[in-house]
2 protein chains.
Amino acid sequence: MKAKNITAQDVADLAGVSRAAVSRTFSNNGSVAEATRQKVLEAAKKLGYQVNILAQSLNRQRSDLVGLVTTTTRDPFRSLLLEHLIKQIQQAGFQALVTEVESAEDLEQTLQKFIQFRVSGVIITSGRPPAEFAKECVRCEIPVVVINRETDLSNVDVVKSDNSAGAELAAKTLLAANCKRLAYLNVRNDTYSSTARGAAFIKAIAEDIVDNTVSFEQIVAEYPRYEGGVKVARQVFENGVKYDGIFCANDLLACGFIDGARSAFNYRAPDDFCIIGFDDIPVANFESYGLTTIRQDTSAIAKQALALLRQRAVQSDRSQVIQNINVELVKRRSVAKRN
Amino acid sequence: MKAKNITAQDVADLAGVSRAAVSRTFSNNGSVAEATRQKVLEAAKKLGYQVNILAQSLNRQRSDLVGLVTTTTRDPFRSLLLEHLIKQIQQAGFQALVTEVESAEDLEQTLQKFIQFRVSGVIITSGRPPAEFAKECVRCEIPVVVINRETDLSNVDVVKSDNSAGAELAAKTLLAANCKRLAYLNVRNDTYSSTARGAAFIKAIAEDIVDNTVSFEQIVAEYPRYEGGVKVARQVFENGVKYDGIFCANDLLACGFIDGARSAFNYRAPDDFCIIGFDDIPVANFESYGLTTIRQDTSAIAKQALALLRQRAVQSDRSQVIQNINVELVKRRSVAKRN
DNA sequence: TTGAAAGCGCTAACAA
DNA sequence: TTGTTAGCGCTTTCAA
């Protein structure tokens, strides 16, 4: 004998009003006399009534869900971003439908699910949305924002950290510290962001390279993250300190590099080389690292993502927006003036 | 001129079958001839039909959503757990509805939302669910699992790491390393888990305390996380190394302690003191720390949580299950035999 | 195996 | 301000 679900009708009956009055009371939509309102609220409380959002959304043709695509949440930068995104989604009155994807296929399935849920928006922090999906989104009028990646879909908005500005800051900082043998450390299978950072870094030191006042090389780590940094440091410095100014695609790689250089050869930053990361994850500020880095403003990124979502919800055919979020140099020990 | 949504009826019309046939095809429910099935699938593809999960769920009186309550996702351990939970939820065929809560009030609102979404289950990793909520869940037959915390609600299942076993492992390890001046480092506003760990640690060394072969003290950090560890190390070791065997409530605190002791007094682990953490977050394995720790099996925790959810979905009135997940000692540099 | 029909619980246009 | 009513798109008996 299962208890029947409590519906708006039950509340209406108890309160002696119509179902519509109950609906109005709970969605603060349309006018309802204060007295009626109170009766409804009271009856609802007595019965333990809970609006059925499924029915509500079905009727409104839209759920108050926002789909959020992510991957390897455990990554410090991603988890930081994720936290802000979820909070912003909630603050905007939505609920976060979060999925972890590992492949393009995963992504496609996920996006399909999102459409099936009639989400109010989609935020993608990993993978490239297929063109087909974008078309569907246009048809369903679902706004889509990608974060820190590029897209060739003109109806998809972009929020990204200003990689160029960040790389320039890094370059300036290393040059100001009198570094002469510069390098950019990236992972073999790099992403859109890290490629952009490397390119901008080279551009920023191009003159000095031409002048022959500094040298430059790319360092490619075979493995990602901290472990990749450790390993590559051991290879690269095997025959002495080859670089005195290293810009890293991200903090984790930088921390690994620092540890690899220290544990294998007792080379240290900033005594033996200067190093700059990207992201400003919490570990960068641990005393063992004191990593100078380019800070991504995850809070601003999340805010902008939601803002764009809402804008496009209002005007679905507006042209693509690509929003560059300011980054900031965070000075710590790992860079010091050389002589 | 807005495009009309494509419904099962549209597909049925195009395929020349009934709406029911379409429904059956997409929910693999009830029998449908292969020929019909193909016609439906073809028509659906042609139209770009997507099942409306809202309507489906409304009808089934249950969505395939699982509500997931979390907080400060940026925390390394939490993000690790979260990743596994989301993946498990997906693997079980559900979607994760994730909310960040910061207060008891947040939690209550969130849980209400979950009920309104008619979720298939709720997983709580932060905060204590109010009794009222549990009652509602029973009525709505929504299974609830809490992770690494306690509850007095008998219809709520619990999955937790075996804190006692972990603390015992830590105690044994420190005693075996010949540590004599033991301490348990915790944060002032501690959680269920950290209290349990401390209590079990004391119990494990009780005999030795009575024998007077070892001493024991509690260290209380005023601030949480890494920063709390740094600060407390600076206070505690101001007049020399007071403890030679420290068990920490979590890894972050331990890493902070290591750095605080080193940067302020150049005291090092394991030369000057042994230290053991809890969780085994990635940083614990960074070369700068080499932290011996008690590993929580986040993957197993997530798996069990989902398993319990599904069990209770089948048998909603079964008695409470409290599942202890095995922990494991991970030996690294931070403990070494003393003389 | 298939179709007709009765909901699932809600919202919103309209009329009163 | 209120109630009536016609759906929202799907599932699922029941009968054919």
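Every chain is numbered from 1, with letters handed out A, B, ... down the list of sequences. As the structure is a computational prediction, the values presented were derived from the model and not from experiment.
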Atom-pair distance ([atom1] on [X]; [atom2] on [N]), nearest Å:
X	N	atom1	atom2	answer
A:Leu58	C:dA12	CG	P	12 Å
B:Leu54	D:dG9	CG	P	11 Å
A:Gln116	D:dT11	CD	P	11 Å
B:Asn29	C:dT1	CG	C1'	15 Å
B:Phe117	C:dC10	CZ	P	14 Å
A:Phe26	C:dA12	CZ	C1'	18 Å
B:Ile6	D:dC10	CD1	P	11 Å
B:Gln50	D:dC10	CD	P	11 Å

Does B:Arg19 come within less than 4.0 Å of B:Asp10, counting only side-chain N to carboxylate O?
no
Flag the pair A:Asp64 and B:Lys113 as a salt bridge only when some basic side-chain nitrogen lies within less than 4.0 angstrom of an acidic carboxylate oxygen.
yes
Candidates B:Arg62, B:Arg118, B:Glu136 - the one meeting side chain to side chain contact (heavy atoms under 4.5 Å, CB included) with B:Ile142:
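Testing B:Ile142 for a side chain to side chain contact (heavy atoms under 4.5 Å, CB included) against B:Arg62, B:Arg118, B:Glu136 leaves exactly one candidate, B:Arg62.
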The residue among B:Ile86, B:Ile124, B:Leu97 that forms side chain to side chain contact (heavy atoms under 4.5 Å, CB included) with B:Leu68 is B:Ile86
Which one, C:dA12, D:dG9, D:dC10, comes nearest to the side chain of A:Arg60?
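Shortest atom-to-atom distance from the side chain points to C:dA12.
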Should [X] be listed as having a side-chain N or O under 4.0 Å from OP1 or OP2 of [N]?
X	N	value
B:Gln56	D:dT11	yes
B:Thr7	D:dG9	no
B:Asn59	D:dT12	no
A:Gln9	C:dC8	no

Atom CG of B:Asn189 with >12 non-hydrogen neighbours under 6.0 angstrom:
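It does not: B:Asn189 CG has 12 such atoms or fewer within range.
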Decide yes or no on salt bridge (Lys or Arg N to Asp or Glu O under 4.0 Å) for B:Lys87 and A:Glu102, but give the supporting numbers first.
CA-CA 10 Å; B:Lys87 283 185 177 165; A:Glu102 288 176 343; 3.0 Å; yes
Nucleotide N/O of nucleotides 2-5 of chain D paired with protein N/O under 3.5 Å:
residue	atom	partner	partner atom	Å
D:dT2	OP1	A:Thr36	OG1	2.2
D:dT2	OP2	A:Ala33	N	2.7
D:dT2	OP2	A:Thr36	OG1	3.2
D:dG3	OP2	A:Ser18	N	3.0
D:dG3	OP2	A:Ser18	OG	3.1
D:dG3	N7	A:Arg24	NH1	3.3
D:dG3	N7	A:Arg24	NH2	3.3
D:dG3	O6	A:Arg24	NH2	2.3

Run the ring-centre check on A:Tyr49 versus A:Phe26 and record whether the distance is less than 6.0 Å.
yes
